[in-house]
Amino acid sequence: MNKETPMASPAQELAALRERLEQLSFEYYVEDNPSVPDAEYDRLFARAVSLEQAHPELATDDSPTRKVGAPPTGAFASVTHEVAMLSLDNAFDEASLNRFMQRVSERSGHSQLRWCAEPKLDGAAVSILYEKGKLVRAATRGDGYTGEDITSNVRTIKNVPLRLRGDFPQRLEVRGEVFMPLAGFTAYNDNAREQGEKVFANPRNAAAGSLRQLDSRITARRPLQFYAYAMGQVEPERELDDDSHYQRLMQLKAWGLPVCPETRHLSNNQACHDYYTDLMERRDSLKYEIDGVVFKVDAIEVQDALGFVARAPRWAVAYKFPAQEELTWLRGVDFQVGRTGAITPVARLHPVTVAGVTVSNATLHNADEIERLGARIGDRVIVRRAGDVIPQVVGVVLDERPAKTEKIEFPANCPVCDSAVERVEGEAVARCSGGLYCAAQRKQALMHYASRKAMDIDGLGDKLIEILVDRDWVKSPVDLYSLTEHQLASLPRMGQKSAQNLVRAIAKSRKTTLAKFLYSLGIREVGEATAQNLAAHFASLDALMSASVEALQEVPDVGVIVAEHVHSFFREAHNQSVINELIRPRDFGQQGTDAPEHGYVYWPQPKQLSEDEAATLPLADQVFVLTGTLSQMTRDEAKAALLAMGAKVTGSVSAKTTALVAGDKAGSKLTKAESLGVPVMSEQDLVDLLSASNG
Ligand code: JCF
């Protein structure tokens, strides 16, 4: 692709290829840190194989095409595999799968064969040995003959049994793949990126890297899983009285070993093609990353007759999917401003097809990530696209850096509004300090405000919001409510009819709920659920807006960080005036369809009892304070129960407090109640009171 010099002789090219392959395989197997995508390795490997075939005199015994990996580094004890742990031959297209099946049929003398099919998990191969049903040793594949002893690490994997169940053989070696499911991988990397720690380029590196930790407590914290795909040594052998690979996997399952649930027993070659197609379609929705499917001749007898070549069994093939990582060029970097001002560097790439999708933009996450990657504009970079996640730049191929590259300068000022970019000490993200002065933040705040789960303004899409903000017609949500049909109809691609529909949709959206209104304000860390909790807890916007950070933390799932975001949002003068303008009652005169006392935005107040009704409740006029940890209910449940009986529940103890309910580990409030002579109740007292009052 890049370093091939067409002038070189085959011998020179092969020598260069071998050196390159050795380097790449060291990076991959020993360092768990490959510098190029697998697809590139596969291409170079295939080129070496074809050169050796065309020029048999150039083939050597020590060519990288003859071995599986590189030797262990020596950090772990060595383990000799008594049955070699080989790798798999690859097929990259239908024709080569067909050739494989053809070859198998010819050699075995069976025109149609049964197959065992499974996804090819993208992780690290391990061998696990059970003696008398107990896990006694686990090892990496290493070079296929000698691996590393990673017993203490493998013991930490949640779905690896430490003891087998049922009627297991005396000695059983199980082989399979250790992998990191995508959800765990993403969560791990997000956290690592935030903490400024090393991130993994892909789940396979994450699995391999986690297994090679010298401290198994670290491994234990990594979300690893294992699926068995074969038996190694089994003693005594006669206990295996079946002759089907699939049945053997089911036997492993019966002994307690996890086997991939997508494993299938297929009755002919066509079924293999169908399996591949089906799994490729479902690839993005699987919980783990796979890079293809594996087909194995099902009959053990036929497997044994076919035997092995240097590197892999003749009876199995890995039919690969299109790669999820590819090489391309980094053309430039743009900086995008998010709704909360977060500035994200976006790589502009020379377009490249990754697993069937053209990718020309990818995230670089933040300044630390650019630093970690060491990326410069003009670099050869690795992009990765998996599932529905945004494509990312995961690596730079330093060996292929062009002579002229350019440093990526993180902007000191917002690219949209020129306000200073700020970065809080210890945080990975840099933010534009312009707030709603910044058009980028304003646009996204409005998009969020209009979105379905927020104010739900039908027909007010992203494009239109961009136009409205660019024309300065809309500076804050308040301006939406005075847009006229006439004005809107003058916009490009906007007819009279759609202008009318939009004005109606805006009018229709005005009646909402407190929870939705709170959510639509776009307060940092306040998602739908938090907005609902805040609304339920405070019932009125006034109460919420004047709540202290402490009082906010009384709300379920609101910790100090969220409480501080909410508190400071409402302290901000601009936010106060926008909210006030939105909810201030105004006279809508003739055009208004609502009663004149409504604001632009309004919501029905939760039903409140009249004073007379409230006075008849059993705990009317009583004031309770809750403190400490309750064991039979949460503080919120206790509070709700007290409120329902007419009591008031407040946050601090005073002379007016009827009683303090003190749970476990009660602190200063208990001391204060005692000093004021306020009665103190236990949790059980409260439970008794509640049931007595309920009659
Ligand atoms: O899922 C895998 N990565 C995988 C690797 C599955 C298999 O059935 C394998 C393998 C490597 C070698 N089988 C062999 C024999």
Side-chain angles (χ1 to χ4, degrees), residues 28-29 32 38 41-42 67-69 81-91 97 100 104 114-128 139-145 147 157 159-160 173-182 202-208 211 224-234 244-253 257-266 272 275-276 279-280 283 286-300 302-304 306-321 323-324:
Y28 182 112
Y29 288 105
D32 297 326
D38 294 359
Y41 181 90
D42 292 340
K67 60 179 179 132
V68 177
H81 299 299
E82 283 168 47
V83 178
M85 277 186 89
L86 297 177
S87 128
L88 291 168
D89 265 337
N90 291 320
L97 178 67
F100 163 80
V104 168
R114 290 172 76 79
W115 299 94
C116 180
E118 63 192 298
K120 184 164 187 295
L121 299 160
D122 216 0
V126 298
S127 147
I128 308 177
T140 62
R141 182 169 67 183
D143 64 1
Y145 303 96
I157 299 172
N159 72 343
V160 170
E173 185 204 354
V174 182
R175 289 164 178 194
E177 198 81 356
V178 169
F179 60 99
M180 190 180 282
L182 281 166
N202 54 49
R204 186 201 51 231
N205 292 354
L211 278 182
L224 298 175
Q225 275 192 37
F226 170 78
Y227 281 147
Y229 57 65
M231 294 185 189
Q233 269 198 317
V234 187
S244 147
H245 185 83
Y246 182 82
Q247 288 311 328
R248 287 193 176 182
L249 294 183
M250 295 307 113
Q251 175 63 262
L252 288 176
K253 230 170 126 169
L257 289 149
V259 171
C260 178
E262 303 289 347
T263 305
R264 296 287 180 275
H265 206 183
L266 304 178
C272 292
Y275 180 84
Y276 174 85
L279 217 54
M280 183 139 77
R283 183 186 195 183
L286 294 178
K287 292 192 160 60
Y288 38 81
E289 188 148 301
I290 63 177
D291 61 349
V293 296
V294 180
F295 298 122
K296 291 178 177 172
V297 168
D298 190 56
I300 303 293
V302 179
Q303 285 186 1
D304 291 344
L306 286 167
F308 298 84
V309 286
R311 183 175 169 262
R314 283 205 189 86
W315 40 265
V317 71
Y319 187 9
K320 294 289 206 73
F321 289 149
Q324 288 188 310

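Atoms within a ligand are numbered from 1 in the order they appear, just like the ligands themselves.
- Just one of Lys296, Lys320, Lys120, Arg311 meets the salt bridge (Lys or Arg N to Asp or Glu O under 4.0 Å) condition when paired with Asp89; it is Arg311.
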Using the side chain to side chain contact (heavy atoms under 4.5 Å, CB included) rule, take Cys272 and Tyr319 through it: C-alpha gap first, then chi angles, then the decisive distance, then the call.
CA-CA 10 Å; Cys272 292; Tyr319 187 9; over 6 Å; no
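- Residue Lys296 places a heavy atom less than 4.0 Å from ligand 1.
- Of all the atoms in ligand 1, the ones that sit under 4.0 Å from a non-hydrogen atom of Leu121 are 1 (O), 2 (C), 3 (N).
- Every atom of ligand 1 with a heavy atom of Pro119 under 4.0 Å away is listed here by number and element: 1 (O).
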With side chain to side chain contact (heavy atoms under 4.5 Å, CB included) as the criterion, how do Leu224 and Met180 come out once you've worked through the C-alpha distance, each side chain's angles and the decisive distance to 0.1 Å?
CA-CA 5 Å; Leu224 298 175; Met180 190 180 282; 4.0 Å; yes
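- Distances between N or O atoms of Glu177 and those of ligand 1 include at least one value under 3.5 Å.
- Proximity of Lys120 to ligand 1, defined as any heavy-atom pair under 4.0 Å, is shared by backbone and side chain alike.
- Of the heavy atoms in Glu118, only side-chain atoms (C-beta onward) come closer than 4.0 Å to ligand 1.
- Those atoms of ligand 1 that come under 4.0 Å of a heavy atom in Leu86, given as number and element, are 12 (C).
- Counting protein heavy atoms only, atom 11 (C) of ligand 1 is closest to Tyr229 OH, 3.5 Å.
- At the top of the distance list for atom 14 (C) of ligand 1, counting protein heavy atoms only, stands Leu88 CD2, 3.6 Å.
- Ring-plane geometry between Trp315 and Phe308 is classed as perpendicular, the angle between the planes exceeding 60 degrees on a 0 to 90 degree scale with a lower cut at 30.
- A donor-acceptor pair under 3.5 Å is formed between the side chain of Arg314 and the backbone N or O of Leu306.
- Note on ring orientation: taking the six-membered ring where Trp is involved, the planes of Phe321 and Tyr276 are tilted (angle from 30° to 60°).
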If you apply the rule salt bridge (Lys or Arg N to Asp or Glu O under 4.0 Å), what do you find for Arg204 with Asp291, and how did you get there?
CA-CA 10 Å; Arg204 186 201 51 231; Asp291 61 349; 5.6 Å; no
